[in-house]
Protein chains: 2
Amino acid sequence: MSSEKITSIEVAHRAGVSQSAVSRVFTPGASASKQTVEKVRKAASELGYRPNVLARAMVSGKSRIIGLLVAYLDNQFYPDALEKLSSALQERGYHLLVFMAGKDAGNIDNVVDEMLDYQVEGIIAASVSMSSKLAERCQSVGVPIVFFNRSQNDETRFAVTSDNYAGGRKVADYLVAAGHTKIAYIAGWQFASTQYDREAGFVDGLNKHQINLHARGVGNFTSEGAAEAARLLFDKDPPDALFVANDHMAFSVMDTLRYELGLSIPDDVSVVGYDDVPIASWPSFNLTTVRQRANQMVSKTVDIIIAQIEGDAAKPQNVKIEAPLIVRGSTRAIASCQPNSSVK
Amino acid sequence: MSSEKITSIEVAHRAGVSQSAVSRVFTPGASASKQTVEKVRKAASELGYRPNVLARAMVSGKSRIIGLLVAYLDNQFYPDALEKLSSALQERGYHLLVFMAGKDAGNIDNVVDEMLDYQVEGIIAASVSMSSKLAERCQSVGVPIVFFNRSQNDETRFAVTSDNYAGGRKVADYLVAAGHTKIAYIAGWQFASTQYDREAGFVDGLNKHQINLHARGVGNFTSEGAAEAARLLFDKDPPDALFVANDHMAFSVMDTLRYELGLSIPDDVSVVGYDDVPIASWPSFNLTTVRQRANQMVSKTVDIIIAQIEGDAAKPQNVKIEAPLIVRGSTRAIASCQPNSSVK
DNA sequence: TATGAAACACAAAACGTTTTTCTGGTTCAT
DNA sequence: ATGAACCAGAAAAACGTTTTGTGTTTCATA
């Protein structure tokens, strides 16, 4: 109650200088004499003055706000990434304004409009796709946009993903090498590039070894969907290996196989996931999976968006972070190769 | 590249009215003739005009930004709550600006200052405590603050938690009723009110039944800490029941007991958690736990902070949401009582 | 028809900064 | 001694809104 908002004018009065002098003292690039700086600093700290970011944003055009568009956080990969993303941006003086988007692309337009209303300096779209018309509009008002964990078809946007295609292939190679022949796949949400690329790499990998996909289910990246898909796949002619499009679904599938269908993993069936979220390494699951290097993905995303904001425009590209296969105990071992379950 | 920022002035020109008329058309409470409204709407949509939230914030003092202070997101209760929180606020025209705070209270002061620089209209502090001096300062500049899942000692702040004390008691009652006698506790981070209250309720509950706590470990709310605490507890004179201060640690404990120590749950030892995150109901864990009703906690939090912002000041209080015990398969059953494992 | 109230549009002030322009003083070389 | 060149500070413009007078028009009522 005591102190209302302190403005630079009040600081100026107390320091006996002009208001613009105060501004310059608080603006990194500006010049002021040592004497003035000291007087202003003293007055400011006595009054508890801090510059108003919004007022600064108005005139400078730099809000230091980045919009984060995200559809869901139940797959643990996202909170993890969000935490890293927020910290990394915070270190560089930016902050995330969060916008939840329904998975249905319907209202994404509105949400993006709202972001622009806040004068965000950039947009990070995580686990979300977007019409190119919409992306175009952001670009046209000078707001760069980076897709995180989703690539767009057109090569005119920035996107950061793991190398999903190569990851899918590695899984195929491994399962084939382990001697599996009836290999099935449980897909994620059909409109997600992660789903598409992982499957394409996986199927191509199988084909390379003259093997066809034994069966295919769809889990839509949800636990329930994945469980149901697993039930259907094992209803008749069950596979002996299963690649599930992400860890989140893989856990649900493993539970269904073990506790509902009474199967043993990997003796009856091998299971592979994708993401390597922390749970994957828990003994209960000990899941063989493809690791998405969240740290690298995040730092690349941050680098790109800040470069864009600050004008160091590079060519749009689809950055693919290499994604290693982490072999754990949910898959049958290859004779000549130890599972490296020591990996955390 | 085509369109630069469209301002209300340009809309005014095109519509042949004054700039303030445009403003009134876009301000809910204001009055304008039907004719004016129509002209302005038409011109605005032709130009693609949308009001600049930051400019509005400057003069009106309403940024429609709420600061979220959060320390970590690895316990799945938080991403879940965050998602709900963000959606609920979004519906009411507010958005969350995210600030990560190290768990150490050291830099919290700076982070709060940064929040205030952005002219946030309110602060939600999740999983974070704060010196009362700091909270006082926010209050003094008119920024309400609500603690989510942490209560403060002083009763002059708003806080929303589950009824942790009562929850702890329910666990004690249940374990005693199931015939356990050697009952141990694995604590969370010692400075968290959730940790303190849960333990207090638990211990009081045991004492009510003339039972003393058999042993106590400390896991600090981390997986590794909890695993280590479990090892120590079972090193000699092992307990026959274990209450772990949250689910996140309980999973780690269960894995350690089963896969490292070769124990069977609940035959050798019963395990109870707290939170009822989605994983708790997975068959692998099937964890008996105390449910924190995230939906209720979130909507209460939102109600409080918006009421504060809009001036309907109620008395500060510590809102405690009732937290039911969800009995699943990780605990020995009570003879006269069926475990309601059907609960999702 | 005259009059008062109500409705509405406009111009101007305000919000708290950064940035640009302007002014006066100092330094320095010529 | 004089002008140029610089520098720091003051003043003022700008950012895009909302809000606050103020004046005009409309309309109903007397």
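First the proteins, then the strands, lettered A, B, ... as listed; each starts at 1.
Relative to the six-membered ring of F26(A), R50(A) misses at least one condition, a distance below 6.0 Å or an angle of at most 45° to the axis.
One atom, NE2 of H13(A), and another, C1' of dA11(D), lie 13 Å apart when rounded to the nearest Å. Between E10(B) atom CD and dC15(D) atom P the separation is 11 Å, expressed in whole Å.
Both A55(B) and V17(B) lie near DNA chain C, and the one whose nearest nucleotide falls closer to the 5' end is V17(B).
Counting heavy-atom neighbours within 6.0 Å of K39(A) NZ, excluding the residue itself, gives a total above 12. Annotation for Y196(B): atom OH does not count as buried by contact number, only 12 or fewer foreign heavy atoms lying within 6.0 Å.
Comparing atom distances between the S60(A) side chain and each of dT18(D), dA11(C), dT19(C) picks out dT19(C) as nearest. The side chain of R56(B) sits closest to dT18(D) out of dA12(D), dT18(D), dA9(C). Out of dA9(C), dA12(D), dG16(D), the shortest distance to the side chain of K5(B) is found at dG16(D). Residue M58(A) places its side chain closer to dG16(C) than to any other of dG16(C), dA10(D), dT17(C). Of the candidate nucleotides dA10(D), dC15(D), dC10(C), dA10(D) has the atom lying nearest to any side-chain atom of R24(A). Comparing dT18(D), dG16(D), dA10(D) against the side chain of N52(B) picks out dG16(D) as the nearest.
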